[in-house]
Amino acid sequence: MTAVYTILLIDSDPSHAAVFHEEVRKLEKMPFRAETVTTLAKGIARCQREAVWAIFLNLSLPDSDGVRTFTELASAAPAVPILILGRVEDEGLALQALRLGAKDYILANHFDPYSIQRAIRNMLERETAEEVLFGERERARVTLDSIGDAVLSTDLSGHVRYLNRVAEKMTGWTRAEATGKPLITVLELVDGETRLPCPNPMQQATERDTPSGLTPNCILIRRDGLDCAIEDSVAPIHDRQGMVAGAVIVFRDVSKARATGIEMSYLAQHDVLTRLPNRLLFKDRLSQAIAASHRSATQVAVLYLDVDDFKRINDSLGHAMGDNLLQSISQRLLTAVRASDTVSRHGGDEFVILLSELASPGDAAAMASRILEILAAPHDIAGNSLHVTVSIGVAIFPHDGEDAETLIANADCALYQAKENGRNCYQLFERHMNVLADRRRSITEDLRYALDRNEFVMYYQPKVSLATGKIAGAEALVRWHRPGRGLVGPLDFISLAEESGLMIPIGQWILRESCRQASEWHAQGSSEIPISVNVSAVEFRSDAFLEGVRIILEETGLPPFLLELELTETVLMRNVEFILPVLHELRAMGVRLAIDDFGTGYSSLSYLRRFPIDTLKIDRSFMQDGNADASSAAIIGAVINLGKSLGHHVIIEGIESFEQIEPLVAVGADEGQGFYFSRPVNPAEFADLLSGQATLPDSAFVHLHNHSALKAVSSPI
Ligand code: C2E
Ligand code: MG
Ligand code: MG
């Protein structure tokens, strides 16, 4: 059902009613209906009963007269537009009603079709315009209240005129309270750093008459006194003449973004685990310290520190413990240095320390030894007492480098030397270390291609039975044909291969090639001689090691009992709980195990008993000239006895002369190995030794009566 719009005539003159009804009926734009009542009371009652669209009101009614007629009706029907019908002589009254809110008036002598039509048309237009305005206002209100930004406007005198809902929440002022207050009362802004008042935004906008952003790093002090970081902009408002009439300020809470920004820039310069400065910030501080030291003629030291064997701790105790240990170390380092020094972490287990304004290099050395001492005390980590040592390299400005980069690189270089020197010590940088570092770099570079280019070769050194003088086995020793450098021995590249991650593939190649060779000799019917292969700590620790051995034995067809793996004491004594099961696995496969270089590490007797070991190889240092005295012989005797009592086979390395043999035989050594019998030789030469074409020194030495026949076999290495 379409709505019908009632136009009510309140008039007691029947002629008015007639023309009114006639004209309303003619209206076609909308479904209008005319109604007439004759008194004010009836009019008011009608309005209250049912909606009326507009009222034509004669001010002179039987029950009311004059402006009062209007005011009474207006207060009874405030939303309904009222048009006044007035007497000609009372035009003043009609105008008065107009001022009080009536929409229009018609003089009674003009109450004709034309005036009635025009009045209704005007009322319709006015209503449409008002609706549009209302709609726009409403849309603006809802928009302003629903956006995430706070909006606040002022008049030209700087008093608040409007706040949206977000502005109310952010400032703590309601719209009603804020309206009319000076802007700086409602919006108190200070500089985040200085806490001084920011320039009044509205003044800025009105004076410059252009939109602008506000002071950066601005803080709003809310009504409750709390701070809120804000970001804002301000624009002038103009009146119809284009004159500035006020300003509108838009602002938003940026506390979170600002905090995130601060955290981001912190993270970019710090290590997450220890909260220490990282490499980036360290370099920055170092450059500053160098510049300052130029001015003050003092020195600056860089201490490059690396935890000895950290990987082992991490592997065996787990990363969480490793992390805790690094935190404990960083705490101790911080207590060791002055507040003006910088302790940084450069990833992994590397810490770099900057000592500024030193009087002499001695100060740096003193600090280095102090750090060694401080870190040596046990670290209490989750109920465990951990002992760690560190190695430190020291480089000093200006002596060891002019810029941050060189100093750090040279301290690292000195650190390498400290590690070589046996760890748990510090080393001051010396020029020649650079040459060594360059050499290491170039070797590592070449090593990367060595496997692909087939540059490795295996040499074999016989192990000789001291009882029979016959070859009892062969030790496989790797060599590298480095292009342009000739044959390079393992001591010159194994540790670099370990550091650069190349040891695992190289070790695999060594094992495969040695087993293949031994299997070939075995197939050719040479007596069954076992092959001993050296295994580096890195290989042994790798997860794939056991499986690698199994696969290679299968591939090459070498009977497992003909393979002996040589592990050094240091490999075995570390991380025993991890190592024991691997040793047992190997033994279960039928592979033999030897402890190499025995006597140089710190074997614990109790472990020695637990290890499933076949052979002890006594280190060649016991055979060296300086040691060839009575006490050394006594030690060897004791070690051999120990090995024997544990049921091990005992072999002596580094026999270089005939004279060394007799005492060994006397104390019960089983086998010997050394230049006296043969240097390590290439496979063809070794095959000759095996087939008897080349000879070992006469093996009747056991009886010591056939010296003249003794003769060493020589080889390039
Ligand atoms: P090692 O396992 O103790 O090997 C014995 C070393 O002593 C060999 O040095 C050998 O040439 C040397 N040698 C033998 N007889 C004598 C002697 O009478 N007097 C003296 N002064 N030295 C003698 P090489 O070949 O230079 O190897 C050195 C070390 O490098 C080896 O010590 C071993 O630890 C390691 N190595 C050698 N080959 C390999 C390998 O294939 N893999 C691994 N992981 N390490 C290897
Ligand atoms: Mg060996
Ligand atoms: Mg050895």
Side-chain angles (χ1 to χ4, degrees), residues 447 450-451 455-464 473-480 486-499 502-518 530-542 545 548-549 552 563-572 592-601 613-628 651-661 664 671-683 685-686 696-697 712-717:
L447 261 184
L451 259 187
E455 291 170 1
F456 293 112
V457 285
M458 293 313 296
Y459 271 49
Y460 300 91
Q461 188 179 34
K463 296 198 270 186
V464 177
E475 177 170 10
L477 297 159
V478 69
R479 271 95 185 93
W480 174 25
L487 213 54
V488 181
L491 295 178
D492 289 334
F493 67 86
I494 292 282
S495 62
L496 291 175
E498 289 180 336
E499 280 166 29
L502 295 164
M503 194 59 226
I504 295 191
I506 294 176
Q508 286 265 308
W509 180 87
I510 289 170
L511 187 62
R512 181 172 284 113
E513 176 57 21
S514 307
C515 290
R516 189 202 59 74
Q517 183 64 76
I531 187 109
S532 300
V533 180
N534 297 282
V535 177
S536 100
V538 173
E539 285 175 86
F540 190 71
R541 277 202 297 255
S542 101
F545 179 68
V549 173
I552 286 171
L563 173 64
E564 182 170 75
L565 297 178
E566 292 192 5
L567 301 155
T568 61
E569 251 182 317
T570 23
V571 171
L572 291 173
R592 296 164 57 88
L593 299 169
I595 300 188
D596 202 355
D597 303 344
F598 187 77
T600 54
I613 289 294
D614 301 278
T615 308
L616 279 189
K617 285 189 85 174
I618 295 171
D619 191 68
R620 64 177 176 273
S621 58
F622 289 99
M623 284 292 105
Q624 269 154 18
D625 284 349
N627 281 331
I651 169 164
I652 316 286
E653 289 181 336
I655 297 178
E656 293 186 356
S657 70
F658 174 75
E659 287 71 30
Q660 289 172 321
I661 299 170
L664 297 175
E671 286 173 23
Q673 185 181 342
F675 294 168
Y676 172 69
F677 303 115
S678 167
R679 288 181 173 263
V681 294
N682 67 32
E685 288 172 310
F686 194 85
L696 291 172
V713 182
S714 63
S715 85
I717 282 200

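Whatever order the structure lists them in is the order used to number ligands and atoms, beginning at 1.
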N534 and V478, any side-chain heavy atoms less than 4.5 Å apart: no

Proximity to ligand 1 by part of Q673, non-hydrogen separation under 4.0 Å: neither

Region of S536 that comes within reach of ligand 1 [heavy atoms, distance under 4.0 Å]: both

From the candidates I494, I510, I506, the one that places a heavy atom nearest atom 41 (O) of ligand 1: I510

Check: M458 N/O within less than 3.5 Å of ligand 1 N/O: no

Heavy-atom nearest option to atom 7 (O) of ligand 1, drawn from Q660, R620, E566, E498: R620

Any donor-acceptor pair under 3.5 Å from D614 side chain to L593 backbone: yes

Pairwise distance CD(E566) to CG(L477) - rounded to 0.5 angstrom: 8.0 Å

Contact check, side chains of L664 and I655, non-hydrogen atoms, under 4.5 Å: yes

Check: I661 and F677 side chains under 4.5 Å, non-hydrogen atoms: yes

Geometric class of the W480/F493 ring pair [parallel <30°, tilted 30-60°, perpendicular >60°]: perpendicular

Option with minimal heavy-atom separation from atom 29 (C) of ligand 1, where the choices are L491, D492, V535, I652: L491

Side chain proximity check, Q517 to I531, heavy atoms < 4.5 angstrom: no

Min heavy-atom dist G654 to ligand 1 below 4.0 Å: yes

Side-chain heavy atoms of R479 within contact of P680, under 4.5 Å: yes

Considering only N, O or S atoms of D596, the one closest to the Mg ion (ligand 2): OD2

Ligand 1 versus Q461: contacting region, heavy-atom distance under 4.0 Å: side chain

Side chain to side chain donor-acceptor pair (under 3.5 Å) partners of Q461, counting only residues at least two apart: Q673

Per-atom contacts, ligand 1 versus E653 - under 4.0 Å to a heavy atom: 3 (O)

Atoms of ligand 1, numbered as shown, that sit under 4.0 Å from any heavy atom of P680: 11 (O)

Proximal candidate to atom 34 (O) of ligand 1 [heavy atom criterion; set L511, D619, V488, N534]: N534

Minimum side-chain heavy-atom gap N682-Y459 below 4.5 Å: yes

OD1 (N534) - the Mg ion (ligand 2) - OE1 (E566) angle, nearest 10°: 90°

Residue part near ligand 1, for R679, under 4.0 Å between non-hydrogen atoms: neither

N/O/S atom name from E475 that is nearest to the position of the Mg ion (ligand 2): OE2

D597: numbered ligand 1 atoms lying under 4.0 Å from its heavy atoms: 3 (O)

Whether R479 lies under 4.0 Å from ligand 1, heavy atom: yes

Note, T615 side chain near E671 side chain (heavy atom, < 4.5 Å): no

For atom 1 (P) of ligand 1, the option (of D596, I655, V538) bearing the nearest heavy atom: D596

Nitrogen or oxygen of L477 less than 3.5 angstrom from that of ligand 1: no

Sub-4.0 Å heavy-atom contact, M623 with ligand 1: no

Side-chain ion pair, E564 and K617, N-O less than 4.0 Å: no

Sole residue of I494, I504, L502 in side chain to side chain contact (heavy atoms under 4.5 Å, CB included) with V538: I504

For E656, the ligand 1 atoms whose distance to one of its heavy atoms is below 4.0 Å: 17 (C), 18 (O), 19 (N), 20 (C), 21 (N)

